[in-house]
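Have a look at the structure below, then the notes.
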Amino acid sequence: MPKKDVKLSQNVNGNGKKKKKKNKRPISKFMTIFMIVSLALLIFQIIKLNLLPAKLIVLVSLVMIILCLIILLILHFKAKKFLPRILAGFVALCMCLGLAYGNYFIYKTDNTFDVVTSLADSKATMTSIVVLKSSSIKKESGLKGKKIGTILDMDKKPTKRMLDDLNKDNIKYTTKDYSNLDELMEAFYSGEVDAICLNEKYRDILHETQAYFTFQTDTRIIHQNVHYTKVEKSDNLSDPVNDISKDAFTVLVSGNDSYGTLQDSNTRSDANLLLTVNPKTGTILMTSIPRDYYVELVCPDDETESTCPVGSYDKLTHSGLMGVKSTEKTIEKALGIKINYNVRINFSSVVNLVDALDGIDLDIKKGEEVDIFYVNSQPGLSVGKHHVDGETALAFARERHAYADGDNQRVRNQQKVFKAIFKRIVSPKMITNYGKFMDALAVAFDTNLSGDEISKFVKYELNNMPDWKIESYAIVAEPDYQFCYQSQSYASVVQQNDIMNEVARKKIKAVLNGKSSTTVEDPSGYSQTASEDNAVGNTEELQAMREENVESDDSYENDYDQSYEGTDYYNPDGQYSQEDTYEESDYQ
C-alpha cells in the first residue's frame, strides 16, 4: 500500500470518518496563557511604577520576553517524550510563579509609595476629663455639682470644646482655672478640685516629671472629646533641591514617642536624627541631637492653639507636640542649617519594620551593654553580637537609664539601630521578606518627600548602585534644670553645647559640599564612643521601684476601700460590677 494511503487509513475509523483529535496537554496550554498574561501585566506595572530607568525597563522586558519564548518553544515543540515534557513543564511552572511574584512585588511597591507620599488627612486633638481612681465619680453624669480644674492660658480652645461638650449633655459643674500644669496637679492631688480637664498631649510631660510619674496609674478618664483638624500639604512644605539624584540634601527623621498610627495627635519627638545625603559622593552623615536639648521653640505659622510666643525655651522633644514642622524649624535655628525634608516615625514603626526584616544584628561594644531594659524590664544585651527583634531593638534605642552618659548614649544607640536596619534592607534577606516589609513600611512613616522625588532617588540607586559610606556625629550635652514652656514649670534638660553645634553645622556643610565629615575636627573634647565604665545598669533602680510600688499598692488598697465605704460602689468582697470596669477598659 502506498504511504499516502497508510496515513489516510490511520486518520479514519471503520465507518470511513475522520477521527477527532483529543485536546491534549491542557495544563501546558493554561501555563502558556498564564505566562503571557502575567508577563504583559508585569511590564505594564513596571512602566506605570516609574521607578526603573528607561534603559533598564527595556533591558528587563527584552530578557523576560526572550526567556518566556524559549520556555514556550521547548514546552510545545521540542519536549516530545515524557521526561523532557516533565522537565519543561517544571521550568514553565517556575517561570509562572516568578512572574506572579514579580507582579505582587511591583504591586506592593506601588501601593506603598502611594501611602507613604500622601500626608495624613487629619490629626486628632484629644481632651479628657480625668479623676483619681479613688474618686466616687464613675462616669460623666457624676460631674454634676463638682469642680473641674482647667488651664485656659495654656490650652484655651481644647478646654472650651470639652466644656461645651459637657454643657450639651446638661452637666452642671463649676470650674477653677490655674496658670500652669504644676498648679493644676497640686490642686488635683490635694482635693481642691474633683476632676481636671487635660489635653492628652500633656500626659507624657506629666509622666516624665518625677512628682507625677505615677499619674497614669493614679487616674482614670471618665469623658473624652476628640477634635479632628484637616491637614493640608501646606502645613508641612518641603524645601526641595533641584535634583534629588544629584544635589545633596538633609532630611530630619523625627521619632515620635507613641504607638499606633501616625494619624493621631502630635506627640513628643523622642529621637531627632538628621540625614545629610550626597548622591554624587555616596555619603550619608547621621547627626543626632539629644531629645532634652534646651532650645528656643519655633512654633507653627498658623492660628491654631499650638502657637507659642517668641523666645519660648523648652526641651527639643516637646517641639513635637506642635508638629514635625516645629521640630524641623527649631533644629534649623539651633544649628544654623537648612533642612530640606522630614520623615516622621513612631515606636510602632521601629517594631514593625525590624520584625518585617526578621530582626536586625547589633554588635554591642563594652560600655553599651544593658543588664535589664528600663522601658519593659526585659533582659538586656551583653557585650557581643546579637540578632534582635523589633521590641528589643526599640528598647535598646530608647535606653538611657542604664548608662552614666544617659541621653548622650541613647542617641548613639539610635544611630546603631538605624545603621543595622539600613544594612538589613540592602541584604539578600530582603528578597524573601519584601511583602512583609512593604506592608510595614506603608504605615511606618509619613513624609513631605514627593512621590516623584522618591521615584527619582530610587532610579538613581538602581542605576548607580553606590557603595554608601555612612558617617555619624552625636552632639553631647551636660544636664541642667530649666523652665520649660510647654509644662510651664522647671524640669531636667541638657544645655546646648555651642562648640558641638558649630562642629555639627560644619560637618553637615562639608558633606553637602562633597567632602567627608571627618575633615572637620571636633575640639569639644567629648568622645563619640562609650567609655568602658559607661554601663551602670538598671537592676538596682528597677528593684527599688518595684518595692516602692508594692508599698504604694498596699496603701492604695486601703484608701480605695475607705473612699467607697457607704456608697453604692463599696464592695468589700472585691466583686465589681461591669460599670466599675467600663472606664478603664475603654480608655487606659
Side-chain angles (χ1 to χ4, degrees), residues 123-152 154-178 181-209 211-228 257-261 263-268 305 321 486-487 552-553 556 559-560 563-564 567-569 576-588:
K123 64 179 179 181
T125 301
M126 291 181 286
T127 311
S128 306
I129 298 295
V130 181
V131 298
L132 291 170
K133 279 189 175 177
S134 57
S135 172
S136 60
I137 303 172
K138 301 298 294 180
K139 51 186 178 179
E140 182 189 5
S141 59
L143 292 170
K144 290 182 179 179
K146 303 297 184 181
K147 186 181 292 185
I148 301 173
T150 61
I151 41 175
L152 287 171
M154 288 180 62
D155 216 37
K156 190 171 185 178
K157 289 185 179 180
T159 300
K160 286 193 171 183
R161 281 196 296 264
M162 171 57 85
L163 298 182
D164 288 343
D165 199 12
L166 295 178
N167 291 335
K168 288 177 184 176
D169 293 336
N170 295 316
I171 306 295
K172 304 298 181 183
Y173 58 88
T174 58
T175 62
K176 184 166 184 179
D177 196 53
Y178 299 89
L181 270 177
D182 200 42
E183 288 184 9
L184 181 69
M185 287 299 107
E186 286 183 10
F188 182 51
Y189 277 99
S190 68
E192 190 175 317
V193 294
D194 302 294
I196 57 172
C197 180
L198 182 73
N199 189 324
E200 284 296 323
K201 73 179 184 180
Y202 294 126
R203 185 176 289 270
D204 289 325
I205 295 178
L206 292 173
H207 179 70
E208 70 181 12
T209 305
Y212 309 117
F213 183 78
T214 59
F215 177 78
Q216 182 79 0
T217 54
D218 290 342
T219 63
R220 52 189 165 81
I221 296 170
I222 61 168
H223 186 66
Q224 197 165 53
N225 175 272
V226 183
H227 178 75
Y228 293 94
D257 65 341
S258 64
Y259 288 90
T261 68
Q263 281 70 35
D264 297 333
S265 57
N266 297 318
T267 58
R268 296 178 303 177
E305 59 262 21
L321 296 170
Q486 287 283 1
S487 61
S552 62
D553 285 344
Y556 166 70
D559 292 343
Y560 185 92
S563 65
Y564 280 79
T567 71
D568 294 336
Y569 296 98
Y576 299 101
S577 66
Q578 182 66 32
E579 185 178 17
D580 290 330
T581 59
Y582 170 78
E583 291 84 7
E584 291 184 64
S585 63
D586 279 359
Y587 294 111
Q588 292 302 316

> Are the side chains of Met162 and Asp155 in touch, meaning some heavy atoms are under 4.5 Å apart?
Replying inline: no

Within-4.5 Å side-chain heavy-atom neighbours: Ile222 and Arg220: yes

| field | Between Asp169 and His223: side-chain donor-acceptor atoms closer than 3.5 Å | value | no

Heavy-atom nearest pair, Phe188 first then Asp194, reads CE1-O, 4.4 Å

Taken to the nearest 0.5 Å, the spacing of Asp182 CG from Tyr212 OH works out to 4.0 Å

Review point. Has the side chain of Asn167 got a donor or acceptor atom that lies under 3.5 Å from a matching backbone atom of Leu163?
Key: yes

Taking the side chain as everything from C-beta on, heavy atoms only, tell me whether Arg203 gets closer than 4.5 Å to Thr219. yes

For Ser141 and Ile171, the nearest pair of non-hydrogen atoms, with its separation, is CA-CD1, 4.0 Å

Practice item. List the steps and the verdict of side-chain contact (heavy atoms from CB on, under 4.5 Å) for Tyr202 and Gln486. Key: CA-CA 8 Å; Tyr202 294 126; Gln486 287 283 1; 3.8 Å; yes

Between the OG1 atom in Thr159 and the CD1 atom in Ile196, the distance rounded to the nearest 0.5 Å is 10.5 Å

Between the CG atom in Asp164 and the CG atom in Asn225, the distance rounded to the nearest 0.5 Å is 9.0 Å

In terms of heavy-atom contacts, Ala187 and Tyr178 come closest through CB-OH, 3.3 Å

One should read off an interatomic distance between Gln224 CD and Leu198 CG, to the nearest 0.5 angstrom, of 10.0 Å

Between the CD1 atom in Ile151 and the CG atom in Asn199, the distance rounded to the nearest 0.5 Å is 8.0 Å

OG1 (Thr175) and NZ (Lys147) are apart, to the nearest 0.5 Å, by 9.5 Å

Taking every heavy atom of Ala195 against every heavy atom of Val131, the minimum-distance pair comes out as CB-CG1, 3.6 Å

When every non-hydrogen atom of Thr127 is compared with those of Pro158, the smallest separation belongs to OG1-CB, 3.5 Å

What one should report as the nearest heavy-atom pair of Cys197 and Leu184 is O-CD2, 4.5 Å

Practice problem: Report yes if some heavy atom in the side chain of Ile129 is under 4.5 Å from a heavy atom in the side chain of Lys146; otherwise report no. | Solution: no

Looking only at atom types and distance, does a side-chain atom of Asp177 sit under 3.5 Å from a main-chain N or O of Leu152, one as donor and one as acceptor? yes

